[in-house]
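Both counts, for ligands and for their atoms, begin at 1 and track the order of listing.
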Amino acid sequence: MRATVGALKTSATMSGTAVTPGSQVTHRAQVPPGSVRGFGGEVRHYLTQRPRQLPSHYLYDDLGSALFEAICRLPWYPLTRAEMRLLESHAHEIIDAGVTAIVELGPGSGAKLSGLLAGAANDRGPLDLHLVDVSGSALAEAARALEGHRDIRIVPHRTTYEIGLERFGGARTGAGRRLALFLGSNIGNFDPPGRDVILKAMRASLARGDGLLLGVDLVKPVPDLLLAYDDPIGVTAAFNLNLLDRINRELEGDFDLFGFAHHALWNEAHSRIEMHLRSLRRQRIHVRGADLTFVMEPDETIWTESSYKYRPTDILAMLERAGFRVRSQWIEPVDRFALTLAEAV
Ligand code: AVJ
């Protein structure tokens with residue numbers, strides 16, 4: 001099957017040109033954890049794959065995180081605001097009096113959980129808030145955003161989602177229902193196999209009757225999707241290009257950032273937006289800290305992120321496969337974003 005591609009310009013020289021996505025490739029390459037060591041090892045491993053790629057979580061250094069926060073305020077990226085509206089309108093149903101502990105994977109600035117607590121029932125009891133993130137600065141910022149709420153205890157876990165979920169699962173004390181949050185359409189960065197693994201890990205950290213709240217961006221008209229990932233003022237381009245600059249800074253790379261253009265495309269066959277960095281010319285690149293020298297051809301790309309988009313029924317199916325029963329699904333009708341509340345069975 002041929003992938004239908006909506007390509008979007010990223011530079012004056014390439015407006016409206018259709019390109020081939022990583023279409024023969026079903027999923028981004030995966031390595032077993034621990035098999036390549038550190039940032040340098042991963043850069044070497046992924047940049048020598050075909051197509052060349054980089055793991056998207058490296059987009060979030062200090063500058064990258066600040067640029068992502070800026071993306072969330074762009075009029076062309078409505079996901080964050082749509083989700084916030086849903087959280088605020090349904091906070092009562094999400095955090096009822098029975099909930100005693102919450103875990104959030106990737107709390108970001110803490111604004112979403114904070115909005116949820118602000119709208120929660122007045123009769124809620126004390127809450128343990130477990131925050132899981134690999135970034136210490138993200139955890140500190142989220143903790144600050146949550147500080148003002150009454151009757152909470154913040155438990156930061158500076159680690160991967162999997163390990164954080166294990167610790168949350170092991171920290172169960174007494175009765176009360178627990179709630180796991182995976183918001184912001186962060187699940188969209190996972191390929192289907194990895195997505196099922198993380199949902200099962202969430203289920204394993206919970207007991208029967210506990211809750212899961214999943215925020216997922218939905219399939220919508222392609223021009224809207226492309227605009228969200230290639231905004232006209234170039235913030236998403238900066239977010240993407242910063243990854244090369246991070247490699248230059250941290251691994252003594254010599255990427256010429258003017259030699260690359262941000263490129264976003266819709267891969268219809270896989271229902272995902274892909275972000276790439278496209279080489280504008282033939283160029284040789286050396287990354288000392290990755291022990292790597294390679295040549296990129298004109299128009300060759302480095303695939304830096306996938307953002308899968310789902311239909312509401314896809315979400316029900318993936319949750320059921322992972323051991324959940326859906327209790328409610330709320331859909332933001334204009335911006336097409338879904339918040340789904342499920343129960344562990
Ligand atoms: C934070 C992973 C949900 O995929 O929409 C925003 C990241 N990338 N613009 C997304 C992102 C480009 C975002 N997630």
Applying ring pair (Phe, Tyr, Trp, His ring centres under 6.0 Å), name anything that partners F239, two or more places apart in sequence or on another chain.
Y60

With sequence neighbours left out, the residues meeting side-chain contact (heavy atoms from CB on, under 4.5 Å) with T100 are none

For R336 and K220 the tightest heavy-atom approach is O-NZ, 3.1 Å

Check the orientation of Y77 and Y229. Use parallel for under 30°, tilted for 30 to 60°, and perpendicular for over 60°.
perpendicular

Nearest heavy-atom approach of L183 to G215 is CD2-N, 3.9 Å

Are there any protein N or O atoms under 3.5 Å from the N or O atoms of ligand 1? List them with distances, or say none.
residue: ligand 1; atom: 4 (O); partner: S307; partner atom: OG; Å: 2.5
residue: ligand 1; atom: 5 (O); partner: Y77; partner atom: OH; Å: 2.6
residue: ligand 1; atom: 5 (O); partner: Y229; partner atom: OH; Å: 2.5
residue: ligand 1; atom: 8 (N); partner: E305; partner atom: OE1; Å: 2.7
residue: ligand 1; atom: 8 (N); partner: E305; partner atom: OE2; Å: 3.3

T293 meets the side-chain contact (heavy atoms from CB on, under 4.5 Å) criterion, sequence neighbours left out, with R284, H286

